Student: 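I'd like to ask you about the structure that follows.
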Amino acid sequence: MATVSFSVNGEVRALKLDTRTTLLDALREHLHLTGTKKGCDHGQCGACTVIVGGQRINSCLTLAVMHEGETVTTIEGLGTPEQMHPMQTAFVKHDGFQCGYCTPGQICSAVAVLDEIKAGIPSHVTGDLNAVPHLTNAELRERMSGNICRCGAYSNIAEAITEIAGRPA
Amino acid sequence: MKPFTYEKANSPAAAASAAAGRSNAKFIAGGTNLLDLMKLEIETPSHLIDVNGLGFDKIEPTSDGGLRIGALVRNTALAADARIRRDYGLLSRALLAGASGQLRNKATTAGNLLQRTRCPYFYDTNQPCNKRNPGSGCAAIGGVTRQHAVIGASDACIATHPSDMAIAMRALDATVQTARPDGSIRDIPIADLHRLPGDTPHLETTLTPGELITSVTLPKLVGGTHIYRKVRDRASYAFALVSVGAIIQRDGTGRVAVGGIAHKPWRVEAAEAEMPHGAKAVAARLLEGASPTKENAFKLSLVERTLGAVLTEAKG
Ligand SMILES: Cc1cc2nc3c(=O)[nH]c(=O)nc-3n(C[C@H](O)[C@H](O)[C@H](O)COP(=O)(O)OP(=O)(O)OC[C@H]3O[C@@H](n4cnc5c(N)ncnc54)[C@H](O)[C@@H]3O)c2cc1C
Ligand code: SF4
Ligand code: FES
Ligand code: FES
């Protein structure tokens, strides 16, 4: 057993857990924040995406004990049903989901993608590595490729993100 | 997952000696490969040494005009660094062609180099695999081999190395620095880090027990046009079938390293002499002695064509 404490959605949480506990299982099983989903548990689907220290990561491929003192934001921390994050509102408006299982991961990823573009981080499809990247549809799709949607809601997801990014689809 | 104890290392020497002092300890950095394999009990360390607190997260100029990349610099940070984008574009491109945004945010320079094969039989613990279980045989030989090696393989193992970044590092002639349990440090040219499978496919690198990678150094500017072309089954978030990393100078000379075809990044310096003569000539030398299977023989022509596309692109 081990102990760890980190901030989740603005609240410091101290946990006693088996060293084998992933951040994903700590969030879901210990803190009962079940918004974050377990799809593959192997880094292949993005359903478990959360934002740690401002960066999106797959919470299934990291151990809870490795996050001492860090700041974790989950879908529950982005917004609530009463006060939704603009990205959540846009997903609802554009029907950016069907079953909804991949959606928390998609939304956390999308919020972080917009920050990554703002920070000037290039992608595989960025034409000029030395220029500032723009949010084109090709950029968006490449950057969101780590989030698989089994229902195939991709085009609506892209429209939702594009609206928030402030450009027409 | 098997149970394990966990410690955070506070110095490279302490990390190296903690690892050497136990028979079954492993370093953990981003964790994106190690934890995947631990869940499947392909990796079963009884002790994890977390190296994330060691620093090693900077990219600094070296005295001879190169760059030293800390072992823990994340793949995203490395690909986005302005100096890397400007002067070592091949490295940025190779990194950005790999994995996903989430994974690159965690994956580290050292962890990426040391990631293990994606051979499906290595992942299937019901199958014999000399890499996972030395002496048990190789289920890939005679099995489904579309993804496997076409050159440098052995009767014991035909797996490939899956890293995109390593292809760029090989073409750039990077050097890996390590810290050893006895306190010594050493430099390993990237060409000598990964091994061919031979009779011991479970030994993948020349690192010794407890040896910790501390940084990777890029030599001074190489100029030229930098191109990384990755061919895969889908346009993103997939491993390479074949990839070509090239640096091409205006006079047509240059360097080329190829991924997806061997147990290590594949570069044959002699083949580079053929670069001004075109892709066919280079590929012929590069792939001399290849022994593909029926299912992956397509990789030979794919290397030639991909290289052809790269050479054309370089001409602008
Ligand atoms: C779904 C998926 C898709 C992927 N697609 C691609 C792809 O297309 N291209 C690609 O190149 N990669 C791909 N990857 C692999 C990814 O790049 C690697 O998992 C990552 O680079 C490993 O880095 P890490 O820091 O997380 O390593 P870890 O998992 O922490 O460690 C890997 C190994 O390195 C050792 N290690 C770590 N740091 C050190 C050190 N400093 N010194 C000595 N040993 C050390 C560990 O003990 C372990 O054995 C993919 C991964 C996933 C899960
Ligand atoms: S090719 Fe190598 S990794 Fe794959 S099953 Fe054979 S021995 Fe194992
Ligand atoms: S559950 Fe983590 S990526 Fe699928
Ligand atoms: S909405 Fe069902 S998986 Fe994406």
Side-chain angles (χ1 to χ4, degrees), chain A residues 1-2 4 18-24 40-46 48-70 105 108-110 112-113 116-117 119-126 128-131 133 138 141-148, chain B residues 1-8 28-40 46-48 50-53 74 76-77 79-107 123 164 226 228 230 234-238:
Chain A
M1 295 296 267
V4 65
D18 190 300
T19 51
R20 290 172 288 185
T21 314
T22 59
L23 178 60
L24 174 60
C40 64
D41 215 18
H42 287 279
Q44 298 169 0
C45 75
C48 66
T49 304
V50 298
I51 301 172
V52 177
Q55 293 194 314
R56 56 180 173 146
I57 66 167
N58 300 114
S59 61
C60 70
L61 284 188
T62 189
L63 296 171
V65 290
M66 295 171 74
H67 294 282
E68 182 65 42
E70 294 183 6
C108 285
S109 205
V113 160
E116 288 167 15
I117 291 177
I121 294 169
S123 88
H124 176 60
V125 300
T126 306
D128 178 357
L129 276 182
N130 297 302
R141 286 173 181 268
E142 162 60 25
R143 289 169 192 268
M144 289 297 292
S145 73
N147 291 85
I148 307 294
Chain B
M1 222 189 285
K2 299 272 191 220
F4 56 85
T5 48
Y6 168 87
E7 74 175 287
K8 280 192 199 319
I28 186 164
T32 60
N33 189 228
L34 184 57
L35 287 170
D36 187 7
L37 295 170
M38 284 170 66
K39 288 181 184 193
L40 298 165
S46 55
H47 186 66
L48 283 188
D50 183 347
V51 297
N52 285 286
R74 307 290 153 173
T76 299
D81 184 89
R83 296 159 292 181
I84 301 289
R85 283 153 75 172
R86 190 188 59 218
D87 300 331
Y88 304 94
L90 175 58
L91 181 55
S92 276
R93 288 290 183 201
L95 284 159
L96 295 170
S100 67
Q102 290 96 315
L103 288 160
R104 292 191 298 270
N105 280 345
K106 273 264 118 193
Y123 267 80
D164 290 296
H226 289 217
Y228 188 75
K230 179 174 179 178
R234 57 180 183 198
S236 187
Y237 204 17

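Below, chain A is the first sequence line, B the second, and so on; all start at residue 1. In this text the structure is predicted, and so the values were computed from the model without any measurement.
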Student: Measure distances from A/S123 to the heavy atoms of chain B and classify the residue's part below 4.5 Å as side chain, backbone, both or neither.
Tutor: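 Contact with chain B involves the backbone of A/S123 alone.
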Student: Would a 4.5 Å heavy-atom cut-off, applied to side chains only, mark A/L61 and B/L103 as touching?
Tutor: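 Yes, side chains in contact.
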Student: Given heavy-atom pairs under 4.5 angstrom as the criterion, report whether the side chain, backbone, both or neither of B/A97 touches chain A.
Tutor: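 For B/A97, heavy atoms of backbone and side chain both lie under 4.5 Å from chain A.
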Student: Heavy atoms only, distances under 4.5 angstrom: which of B/A80, B/G98, B/A99 has the most pairs with chain A? Name it, please.
Tutor: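 If we count pairs closer than 4.5 Å to chain A, B/A80 comes out on top.
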Student: Can you find a heavy atom in the side chain of B/K106 that is under 4.5 Å from one in the side chain of A/T62?
Tutor: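 With C-beta onward as the side chain, the pair touches.
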Student: Does A/E142 reach the side chain of B/L96, with side-chain heavy atoms less than 4.5 Å apart?
Tutor: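 In short, these two side chains do not touch, never coming nearer than 4.5 Å.
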Student: Rounded at 0.5 Å granularity, tell me how far CE in A/M66 sits from NZ in B/K8.
Tutor: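 One gets 7.5 Å once the value is rounded to the nearest 0.5 Å.
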Student: Side-chain contact test, heavy atoms from C-beta onward, threshold under 4.5 Å: evaluate it for B/K39 versus A/T22 and give yes or no.
Tutor: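 In contact.
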Student: Do the non-hydrogen side-chain atoms of B/R85 and A/P122 ever get within less than 4.5 Å of each other?
Tutor: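 Result yes, sub-4.5 Å side-chain heavy-atom pair found.
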Student: Measure B/L48 against the heavy atoms of chain A and call it side chain, backbone, both or neither at under 4.5 Å.
Tutor: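 For B/L48, the side chain is the part near chain A, not the backbone.
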Student: If you round to the nearest 0.5 Å, how far is CG of B/L40 from NE2 of A/H42?
Tutor: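 The CG atom of B/L40 is 4.5 Å from NE2 of A/H42, to the nearest 0.5 Å.
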Student: Who among B/T5, B/I28, B/N52, B/T76 has the most heavy-atom pairs with chain A under 4.5 Å?
Tutor: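 Between B/T5, B/I28, B/N52, B/T76, the count favours B/I28.
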Student: What part of A/D41 gets within 4.5 angstrom of chain B, counting heavy atoms only: side chain, backbone, both, or neither?
Tutor: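 Both backbone and side chain.
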Student: I need the residue from B/G31, B/A235, B/G101 with the largest number of non-hydrogen atom pairs under 4.5 Å to chain A.
Tutor: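 That would be B/G101.
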Student: Can you list the steps and then say if A/L63 with B/L35 is a side-chain contact (heavy atoms from CB on, under 4.5 Å)?
Tutor: CA-CA 8 Å; A/L63 296 171; B/L35 287 170; 3.7 Å; yes
